[in-house]
Student: 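Before we start, here is the structure in question, set down as structure tokens.
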Amino acid sequence: MKIQSMFQKDIDRDINGVIKVSQDDQQSLKQELSEYIITKELRRHFATFFDNYVKAIDTPTDKIGVWISGFFGSGKSHFLKILSYLLENKEVGGKKAIDYFVDDNKISDQMVLADMKLAGTIPTDVVLFNIDSKSEVNGKQSKVAIVSVLQNVFNEMQGFSGSNPFLADLERKLTEEGKYNLFKEKFEDSFGSIWEESRSDFDFIQDDVVEVLDEIGFMSIEAGRNWCEKATGEYTYKVEDFARLVKKYLDKKESNHHIVFLIDEIGQYIGDDSKLMLNLQTVTEDLGTACGGKAWIIVTSQQDIDSITK
């Protein structure tokens, strides 16, 4: 008998040395879920998180910030991804994420498992990303860098422009008035290209945009040109405006709809910049106040939160 035949799984299979939040192909997701081992320490973290998360479902709270710390290779990014799968109750390999925990008896505590199952029944939008990959090159120099990235990925999650906040606001307004699909259809009919593929070249298609906005009766030619001139300037990000956008979005959804922002490696992004830490704190506080526990922010860092704040 060969030693390799003694193992349950093929020992020649490809195993990721480091879990990356951007790696979301089905094969990788299935491997991450099926081979995830719950240690004693992880069991305690799952219990703590889901106990607090489930309590917020029925009782409004402003305590919606989660800081996951650990040294490089400790598994914090993997833990973050697993939380995202469970909160969304994502279907991977033909079954729900929670079923991987139930079928393999990963969590023996039935109370914790019940909380995890309940969390999976709540309709939840999950926004998982590495902040450095979503940030602009000079973004860290701004004191509103955190909220700018969050607002951009929030726009992108809804299908709006994730790189031009002015365009995202326009698309949101068109959606509210029921004209966004008409706008996209007219744009493609007139110029032969799909809007989502063309909007990144906004500087070169301003006349086309103005023409379509006028054609659908949303904005006059003159108003459209004035808006385009404004849209080429600098966008002003405000934490309170972002919190208001998220609340407005949640209010339009079904009762108890949640949104969770999961941000990887925020500690390295913040470094020793107190402005960025303050921005993260302010965003978390304002989201907690505005949304009452329906919007959460979960981050990972190689340093614990006390080290960052000091």
Side-chain angles (χ1 to χ4, degrees), residues 125-127 129 131-254 257 259 261 279 282-283 286-287 290-291 294-295:
D125 291 313
V126 169
V127 186
F129 62 98
I131 190 166
D132 198 45
S133 67
K134 291 292 185 179
S135 176
E136 296 179 2
V137 175
N138 299 321
K140 290 181 68 174
Q141 299 175 6
S142 171
K143 65 179 182 180
V144 292
I146 304 292
V147 70
S148 66
V149 175
L150 280 169
Q151 184 164 325
N152 288 343
V153 296
F154 176 63
N155 289 335
E156 190 175 24
M157 182 269 295
Q158 298 173 79
F160 304 144
S161 173
S163 58
N164 189 326
F166 287 105
L167 273 183
D169 287 345
L170 173 67
E171 292 168 325
R172 183 178 292 105
K173 187 65 177 175
L174 285 167
T175 300
E176 291 173 355
E177 296 193 11
K179 294 184 176 181
Y180 187 37
N181 287 332
L182 177 61
F183 169 82
K184 291 191 289 185
E185 290 171 8
K186 292 292 184 183
F187 183 89
E188 186 173 356
D189 290 342
S190 300
F191 306 104
S193 57
I194 299 173
W195 167 247
E196 287 86 351
E197 296 175 356
S198 304
R199 62 189 176 191
S200 59
D201 296 322
F202 174 69
D203 289 347
F204 304 100
I205 61 169
Q206 292 182 29
D207 290 341
D208 302 342
V209 172
V210 171
E211 184 179 323
V212 176
L213 290 175
D214 176 62
E215 184 180 352
I216 65 175
F218 180 78
M219 195 180 287
S220 67
I221 294 290
E222 183 180 358
R225 294 196 185 283
N226 289 335
W227 177 83
C228 284
E229 184 177 347
K230 177 184 175 183
T232 55
E234 186 175 349
Y235 190 88
T236 302
Y237 290 96
K238 294 182 180 179
V239 174
E240 59 183 357
D241 289 345
F242 171 65
R244 195 179 301 117
L245 277 178
V246 175
K247 184 179 188 306
K248 187 176 180 181
Y249 170 80
L250 290 172
D251 287 344
K252 291 180 179 179
K253 295 291 184 177
E254 57 192 300
H257 192 99
I259 183 169
F261 298 94
N279 192 218
T282 307
V283 171
D286 280 22
L287 270 183
C291 303
K294 293 184 179 181

Student: Verify, without hydrogens or angle tests, whether Asn152 (side chain) and Ser148 (backbone) share a donor-acceptor contact under 3.5 angstrom.
Tutor: yes

Student: Looking at Arg225 and Asp207, is any side-chain nitrogen of the basic one under 4.0 Å from a carboxylate oxygen of the acidic one?
Tutor: yes

Student: Are any of the side-chain nitrogens in Glu211 or Lys186 under 4.0 Å away from the carboxylate oxygens of its partner?
Tutor: no

Student: May I ask you to decide whether Lys184 forms a salt bridge with Glu171, counting only side-chain N to carboxylate O separations under 4.0 Å?
Tutor: no

Student: Looking at the rings of Tyr235 and Phe166, which for Trp means the six-membered one, are their centres under 6.0 Å apart?
Tutor: yes

Student: Salt bridge or not between Asp251 and Lys248? Use side-chain N to carboxylate O under 4.0 Å.
Tutor: no

Student: Please test Lys294 against Ile259 for side chain to side chain contact (heavy atoms under 4.5 Å, CB included), starting from the C-alpha separation and ending with a verdict.
Tutor: CA-CA 6 Å; Lys294 293 184 179 181; Ile259 183 169; over 6 Å; no

Student: Return the minimal non-hydrogen interatomic distance between Leu250 and His257, and the atom names on each side.
Tutor: CD2-O, 3.5 Å

Student: If we check side chain to side chain contact (heavy atoms under 4.5 Å, CB included) with Val239, which of these qualifies: Asn279, Leu287, Val144?
Tutor: Asn279

Student: What's the separation between atom CG in Leu245 and atom CD in Gln158, rounded to the nearest 0.5 Å?
Tutor: 8.0 Å

Student: For Lys247, is there an ion pair with Glu240 - N to carboxylate O distance below 4.0 angstrom?
Tutor: no

Student: Is the distance between the ring centroids of Phe154 and Tyr249 under 6.0 Å?
Tutor: yes

Student: Side chains of Asn155 and Gln151: closer than 4.5 Å at any heavy-atom pair?
Tutor: yes

Student: Please verify the inter-ring angle class for Phe187 with Phe191; under 30° counts as parallel, over 60° as perpendicular, anything in between as tilted.
Tutor: tilted

Student: Examine Phe160 together with Trp195 and report whether their ring centres are nearer than 6.0 Å.
Tutor: no

Student: Above 12 or not: heavy atoms from other molecules or residues under 6.0 Å from NZ of Lys179?
Tutor: yes

